[in-house]
Peer 1: 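Sharing a structure here in structure tokens format.
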There are 2 protein chains.
Amino acid sequence: MSERELRRNLAILPIGTVRDLTLLTDRQIRYYEQNELINPSRGKGGQRRFSLNDVDRLLEIRDFLDAGDSIKDIQEIFAKQRRKAVEKQDSESALRRSLQKEFAQIGRFDR
Amino acid sequence: MSERELRRNLAILPIGTVRDLTLLTDRQIRYYEQNELINPSRGKGGQRRFSLNDVDRLLEIRDFLDAGDSIKDIQEIFAKQRRKAVEKQDSESALRRSLQKEFAQIGRFDR
DNA sequence: ACAACCATGTCATAAAACCTGACACATATT
DNA sequence: AATATGTGTCAGGTTTTATGACATGGTTGT
């Protein structure tokens, strides 16, 4: 994962900030967590800490719900997204491997 | 101010997160605020809300103090930084103005 | 050496924010 | 009509934050 991705996954925001940022109620946010659409970590005292990625995800959820999708629909949409991401990552590392072979080949010619 | 700068100035972090991020105590953070080294805004109930820029600034403060500078020294350092920033901005907008004149000139030739 | 100052620790007390669990309810689905 | 969904709301308890005061070790100035 990139440095930037790491930063976006840092658990730094309390639920109040997330409420302000997303215009969702805390009831909604907790309900979405219960339904595993998000998975915020917890601080020492047990309070939720959200990342910037969580916020993005909540905004997505809001849009999908507004568009008429159900929670279950959204669960599947996210599952599909995850599969795609894995696929993409796999094909990229395959590409890296094949490029490495090519460069190794070139290196041999150079000698 | 750029979009990115705006985001970095969003007041989103409670003091607990800032404590974790900077390894400062809340006593220290409040003391620096008292001495106007930072100026976090306040949420509805009066609680401090820090921005990412505030965090950066606190890390700077920590470094300066470690290096032996006093709070007053740091106040002056920051004041100087602000003056420089204004200067830079001024010279940039002067540059923009002169470039605009040049382009206006070119436009005239084109006709 | 002594007083004054600086940066921080610590404690008490109060308020705000957050947690979970439960019940209510309007709307949509079966 | 019965059930399921998504959200509102309230109660009771815990955690976090706020402010103000006093304490203290280290440095500075006289």
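So you know, we letter chains A, B, ... as the sequences are listed, proteins then strands, and number each from 1. From a predicted model like this one, the values you see are computed outputs, not experimental measurements. Below, all heavy atoms of this structure are taken into account, side chains as well, without hydrogens, waters or symmetry copies.
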Peer 1: Map Thr25(B) and Lys44(B) onto DNA chain C by nearest heavy atom, then report which one ends up closer to the 5' terminus.
Peer 2: Thr25(B)

Peer 1: Are Tyr32(B) and Ile74(B) close enough that some pair of their side-chain heavy atoms sits under 4.5 Å apart?
Peer 2: no

Peer 1: Is Arg27(A) salt-bridged to Glu33(A), going by a charged N under 4.0 Å from an acidic O?
Peer 2: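 A salt bridge is absent here (no side-chain N lies under 4.0 Å from a carboxylate O).
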
Peer 1: Counting neighbours of CD on Glu36(B) that are heavy atoms of other residues, nucleotides or ligands and sit closer than 6.0 Å, is the number greater than 12?
Peer 2: no

Peer 1: Applying side chain to side chain donor-acceptor pair (under 3.5 Å), can you list everything that pairs with Arg8(A), at least two apart in sequence or on another chain?
Peer 2: Asn53(A), Asp56(A)

Peer 1: Considering residues, nucleotides and ligands other than Arg42(A), do more than 12 of their heavy atoms fall under 6.0 Å from its CZ?
Peer 2: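 Atom CZ in Arg42(A) is packed in, count exceeds 12.
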
Peer 1: Going by number, which of residues 49-61 of chain A have a non-hydrogen atom under 4.0 Å from DNA chain D?
Peer 2: none

Peer 1: In the structure I gave you, are the side-chain heavy atoms of Asp63(A) and Asp69(A) within less than 4.5 Å of one another anywhere?
Peer 2: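 A side-chain contact under 4.5 Å is absent here.
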
Peer 1: Take nucleotides 19-30 of chain D nucleotide by nucleotide from the 5' end and write B, S or -, depending on whether a protein heavy atom sits under 4.0 Å from the base, only from the sugar-phosphate, or from neither.
Peer 2: B-----------

Peer 1: Whole angstrom is fine here: how far is it from CG in Leu23(A) over to C1' in dT7(D)?
Peer 2: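 About 16 Å, once rounded to whole Å.
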
Peer 1: Side-chain N or O of Gln47(A) less than 4.0 angstrom from OP1 or OP2 on dC19(C)?
Peer 2: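 For Gln47(A), the contact criterion (side-chain N or O under 4.0 Å from OP1 or OP2 of dC19(C)) is not met.
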
Peer 1: Could you list who else is in Met1(A)'s hydrophobic cluster, with ILVMFWY side chains joined at under 4.5 Å, directly or through other members?
Peer 2: Leu6(A)

Peer 1: Please report the distance, rounded to the nearest Å, between CZ in Arg19(B) and P in dA18(D).
Peer 2: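 Roughly 9 Å, once rounded to whole Å.
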
Peer 1: Over how many whole Å does the gap from Gln34(B) atom CD to dA18(D) atom P extend?
Peer 2: 13 Å

Peer 1: Show, in sequence, the C-alpha distance, side-chain angles and deciding distance for Leu10(B) and Ser51(B), and conclude whether the side chain to side chain contact (heavy atoms under 4.5 Å, CB included) test is met.
Peer 2: CA-CA 5 Å; Leu10(B) 270 190; Ser51(B) 70; 5.7 Å; no

Peer 1: Can you check whether Tyr31(A) has a side-chain N or O nearer than 4.0 Å to OP1 or OP2 of dT7(D)?
Peer 2: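 No, Tyr31(A) has no side-chain N/O under 4.0 Å of OP1/OP2 on dT7(D).
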
Peer 1: Are any of Tyr32(B)'s side-chain N or O atoms less than 4.0 Å away from OP1 or OP2 of dA7(C)?
Peer 2: no

Peer 1: Can you find a side-chain donor-acceptor pair between Thr22(A) and Arg62(A) that sits under 3.5 Å?
Peer 2: no

Peer 1: Which heavy-atom pair separates Asn39(B) from Asp54(B) by the least distance, and what is that distance?
Peer 2: N-OD1, 4.5 Å

Peer 1: Taking CD1 from Ile15(A) and P from dT16(D), how many angstroms apart are they, rounded to a whole number?
Peer 2: 15 Å

Peer 1: At how many degrees, to 10°, do the end axes of the helix from dA1(C)-dT30(D) to dT30(C)-dA1(D) meet when each uses five pairs?
Peer 2: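 Rounded to the nearest 10 degrees, the bend comes out at 30°.
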
Peer 1: Would you kindly give the CD-to-P distance between Gln75(B) and dC6(C), to the nearest whole Å?
Peer 2: 11 Å

Peer 1: Nearest whole angstrom, please: distance from the P of dA4(D) to the CG of Asp73(A).
Peer 2: 18 Å

Peer 1: If you compare all heavy atoms of Thr17(A) against all heavy atoms of Ile12(B), which two are closest, and at what distance to 0.1 Å?
Peer 2: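 Thr17(A) and Ile12(B) have their closest heavy atoms at OG1-O, 2.9 Å.
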
Peer 1: Check the distance between dA16(C)'s P and Asp26(A)'s CG and give it to me in whole angstrom.
Peer 2: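 Between P of dA16(C) and CG of Asp26(A): 17 Å.
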
Peer 1: Please enumerate all residues that pass side chain to side chain donor-acceptor pair (under 3.5 Å) together with Asp20(B), with sequence neighbours excluded.
Peer 2: none

Peer 1: For Asn35(A) and dT5(D), what is the distance between atoms CG and C1' respectively, to the nearest whole Å?
Peer 2: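 Between C1' of dT5(D) and CG of Asn35(A): 10 Å.
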
